Amino acid sequence: MVTLVPARQISAEIREKSPLVGCITNSVVTNYTANLLLAVGAAPAMVDIVGEAGLFAGVANATLINLGTPTPEQRQAALEAAPSAHEAGRTWVLDPVAVGLLPVRTALAKELLAHWPTVIRGNASEIIALAGEGAGGRGVDSADSVDAAILAAQALSDAYGSIVAISGEVDAIVQGDTLVRVAGGSALLTKVTGGRLRPRRTYWRCSLHGRRPPLWRGCRPRHVRCGLGKRCCSLHRSGHFWRVLP
Amino acid sequence: MVTLVPARQISAEIREKSPLVGCITNSVVTNYTANLLLAVGAAPAMVDIVGEAGLFAGVANATLINLGTPTPEQRQAALEAAPSAHEAGRTWVLDPVAVGLLPVRTALAKELLAHWPTVIRGNASEIIALAGEGAGGRGVDSADSVDAAILAAQALSDAYGSIVAISGEVDAIVQGDTLVRVAGGSALLTKVTGGRLRPRRTYWRCSLHGRRPPLWRGCRPRHVRCGLGKRCCSLHRSGHFWRVLP
Amino acid sequence: MVTLVPARQISAEIREKSPLVGCITNSVVTNYTANLLLAVGAAPAMVDIVGEAGLFAGVANATLINLGTPTPEQRQAALEAAPSAHEAGRTWVLDPVAVGLLPVRTALAKELLAHWPTVIRGNASEIIALAGEGAGGRGVDSADSVDAAILAAQALSDAYGSIVAISGEVDAIVQGDTLVRVAGGSALLTKVTGGRLRPRRTYWRCSLHGRRPPLWRGCRPRHVRCGLGKRCCSLHRSGHFWRVLP
């Protein structure tokens, strides 16, 4: 069942519950991720060391594992956090940055799949590579179209029970047989760091609902950088989020 | 002896001496910490690797050890820097982020205490946990009131000779029998990254006076992010710092 | 042969080719470096782990190795990336931050020289220390004048075939017998993090030309922070870059 939910309602829920979100993320967007989570009312904590990440993933409402600049310590921490989150019935999100192109993170991402990510999000090339096809794009730039990745997303969703979000000019979100398309993406968003943080609202929302969150996606937050200007605002003014109940 | 010193005088002293400040700090606020130190006239250097941190702490005017995202390398570097700073009679500051809640940093913070931190700063939960009581708060959010942490701060100050600053809506700063309260904190400051950087001016000031600096705290710097707006400015306009001579 | 090339022409070339730039850089400027590269039209990727950095340096158009906060993993990654870039005939840039002052990075920088950096950039103290003289400055602050470092730069250029850029109030760029001086630097640029990113345009440009790029330097980009104001703008309005063909 797909419904449109006012952004205001989603925001109110997040602010009320202030979900604790553990982050194992890359060095480019660390600060921005923390501030964006704070801005929507969540409580972020960058817990990315061995001996703490697993423990924290078991108590946090949600955990983000972003493979943008995966240090050896963060890779071990991710392998601690993912099973801990899964076993505790907590939401965890896999963001397989540049998977397919670069070997260390590709092997890690495939190892992490075994721990049942609640949400997988990536661009088309990353999703295709994660599903075992293709050779990845060029870092944050996808070499493939969103449409070309939908079958790969469905394969991942079927195999691991994950909600799979593919970002692009028109995003696709896949869960089993459900497919939602969300317009409003832009190639411009690959021209600032953190442009891909748009879909992060997925994480916050998921963190409110445990293991099987309603599937949803929002228009981009207010925080998108200047230069994107009017287009961004008008999208935001639409003020609604898709919500798909599984 | 407690005196109010004009902010202008403090600023002029820092600008004149341009103290070198070594930082072993967390990945969220690295850039902001460097820019804030530059803005007040200090010379920051993020020297946080083994083989350099100890050497640098022995020559820098002050060293900051912040345990927000302590990588294994930074933990070793901290254990190099703290004794080096202490032996050279230099100021060093311990910021025990999320101590109590997370085990690796908790053990490290307690090990670092043996090297006589000049200043310890934390929220109430962190100070209580560092003193051996309580279970810590929820990351940057304190689960305890400032008042509830004053006895713990005094115990830490007595045991290690440190100035202990507890941040909150009304901060408390403790050194032996001296207690200073500083109004002007705000829960809003936990809603941006680096909100806790307000008290960092402590470090800069301390760096001018070697091992036993006059105790002081300032109103928050101009740099506090937008959104805090007028309140921030009016506090700044008060233009005075507390200084407590030990 | 030295020519002045309109900035507009340089910018258009970069935007057209969108060079892929791998970065192994320090924790203070990671985000800013990525955004600045994006802003001029390049495609940055922070690939700084062992097992990926070498591979990526062999396919990227250019690689930056900045030694500001060199973790053990990044040091190994640098030793993978530099020979890989050299063997593949790709541009790579060495930024020996605080070399001379701090031993671990000093040893690493000297080891990296053996892999023929296309460009070396640093302040006067760093260039002097890298050439085997002097004891380095005080982090980003140079203790020496640009003039005092020109012979050291020529020695480095002769020994390793590198273009050597010395930043300061009036920059000097040296390649063999060619010397270009570029006014428009300012001590103010040492008062913000990333002030030294001005010369990074060197990298982007080099990345368009493979191993032996035309030598050039630009006026500072639009991105220099507020507070530097008018001076910055008027320099930018000059709108020309020096280009020296080797």
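A note on names: the letters A, B, ... follow the listed sequences, proteins ahead of strands, and every chain is numbered from 1. Just so we're clear, the structure is a prediction, and the values are computed from it rather than from any experiment.
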Quick one: pull up [atom1] in [X] and [atom2] in [Y] and give me the separation to the nearest 0.5 Å.
X	Y	atom1	atom2	result
A/Ile49	B/Arg105	CD1	CZ	5.5 Å
A/Ile24	B/Thr69	CD1	OG1	12.0 Å
B/Gln74	A/Glu73	CD	CD	10.5 Å

- Note on the structure: For B/Pro103 and A/Gly51 the tightest heavy-atom approach is CG-O, 3.4 Å

- Item | Smallest separation among heavy atoms of A/Val50 and B/Val104, with atom names | O-CG2, 3.7 Å

- State, with a plain yes or no, whether a side-chain heavy atom of B/Leu102 is found less than 4.5 Å away from one of A/Leu55. yes

- Which portion of B/Ser27 sits near chain A, non-hydrogen atoms under 4.5 angstrom: both

